[in-house]
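Notes to accompany the following structure.
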Amino acid sequence: MNDETDDEARALRARRILDAVAAIPRGRVASYGAIAARAGYPGRARLIGRVLGDAPDRMALPWHRVLRADGRIGIPAGTQGFREQCRRLKAEGVTVKDGRVPMSAFGLDHDLDRAIWSWG
DNA sequence: CACGTGACCGATG
DNA sequence: TCATCGGCCACGT
């Protein structure tokens with residue numbers, strides 16, 4: 001009897017998280033933790049990876065714009081997904097070197113800093 | 001119910 | 001930069 005409620009909760013979580021991912025602007029990136037917080041689940045970064053992994057790949061979603069907090073790609077190196085993520089990021093002008101993106105230049109907080117402090 | 005695993009993170013050494 | 005640790009927690013076994 002609880003199953004339905006659980007499924008609903010899961011669906012809600014996924015929706016909020018996927019929405020947050022979808023909100024990342026083209027050419028920018030965000031960390032799993034940042035997405036978790038934005039979706040309303042602070043401290044639960046692992047949840048994002050799980051949801052993205054479960055999401056149907058046919059879904060048009062900028063999942064490739066989600067990286068680890070240090071800028072490295074979260075997917076294990078050498079996998080198809082890893083290569084795909086590199087490809088997609090480069091395709092939209094994001095610098096990827098050795099499976100890593102300079103968050104200082106492409107992270108969302110950089111936009112905030114620039115807007116608030118008029119940097120760059 | 002216990003345990004291992006993982007597309008995580010921040011602090012610490 | 002790398003290694004470890006404690007925290008986080010859904011899932012499969």
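Sequence lines set the chain letters: A, B, ... in the order given, protein chains first and strands last, and positions in each chain run from 1.
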Whole angstrom is fine here: how far is it from [atom1] in [X] over to [atom2] in [N]?
{"X": "R46(A)", "N": "dG6(C)", "atom1": "CZ", "atom2": "C1'", "answer": "12 Å"}
{"X": "I73(A)", "N": "dC9(B)", "atom1": "CD1", "atom2": "P", "answer": "14 Å"}
{"X": "R13(A)", "N": "dC8(C)", "atom1": "CZ", "atom2": "C1'", "answer": "13 Å"}
{"X": "L52(A)", "N": "dA10(C)", "atom1": "CG", "atom2": "P", "answer": "16 Å"}
{"X": "M103(A)", "N": "dC9(B)", "atom1": "CE", "atom2": "C1'", "answer": "12 Å"}
{"X": "I48(A)", "N": "dG6(B)", "atom1": "CD1", "atom2": "C1'", "answer": "14 Å"}
{"X": "R50(A)", "N": "dG4(B)", "atom1": "CZ", "atom2": "C1'", "answer": "13 Å"}
{"X": "L61(A)", "N": "dA7(B)", "atom1": "CG", "atom2": "C1'", "answer": "13 Å"}

Of the nucleotides [options], which one has an atom closest to the side chain of [X]?
{"X": "Y32(A)", "options": "dC9(C), dA10(C), dA7(B)", "result": "dA7(B)"}
{"X": "A69(A)", "options": "dA10(C), dG7(C), dG10(B)", "result": "dG10(B)"}
{"X": "A45(A)", "options": "dG10(B), dC8(B), dA7(B)", "result": "dC8(B)"}

Residues [X], [Y]: salt bridge by 4.0 Å N-O rule:
{"X": "R88(A)", "Y": "E92(A)", "value": "no"}
{"X": "R16(A)", "Y": "D19(A)", "value": "no"}
{"X": "D70(A)", "Y": "R72(A)", "value": "yes"}

- If you measure from the P atom in dA7(B) to the same atom in dG7(C), how many Å do you get, rounded? 22 Å

- Message: Side-chain N or O of R68(A) versus OP1/OP2 of dC8(B): is the shortest distance under 4.0 Å?
- Response: yes

- For S31(A) and L67(A), run side chain to side chain contact (heavy atoms under 4.5 Å, CB included): C-alpha distance rounded to whole Å, both residues' side-chain angles, the deciding distance at 0.1 Å, then the answer. CA-CA 5 Å; S31(A) 71; L67(A) 309 167; 6.0 Å; no

- Scan S31(A) against the nucleic acid and name what it touches under 4.0 Å (heavy atoms): base, sugar-phosphate only, or nothing. sugar-phosphate

- Query: When we call it a touch if two heavy atoms are under 4.0 Å apart, what does G33(A) touch: a base, just sugar-phosphate, or nothing?
  - Reply: sugar-phosphate

- Mapping R44(A) and R72(A) to their closest nucleotides on DNA chain C, which lands nearer the 5' end? R72(A)

- Note on the structure: Residue pair R100(A)/L47(A) against DNA chain C: nearer the 5' end by closest nucleotide is R100(A)

- Side chain proximity check, L89(A) to V29(A), heavy atoms < 4.5 angstrom: yes

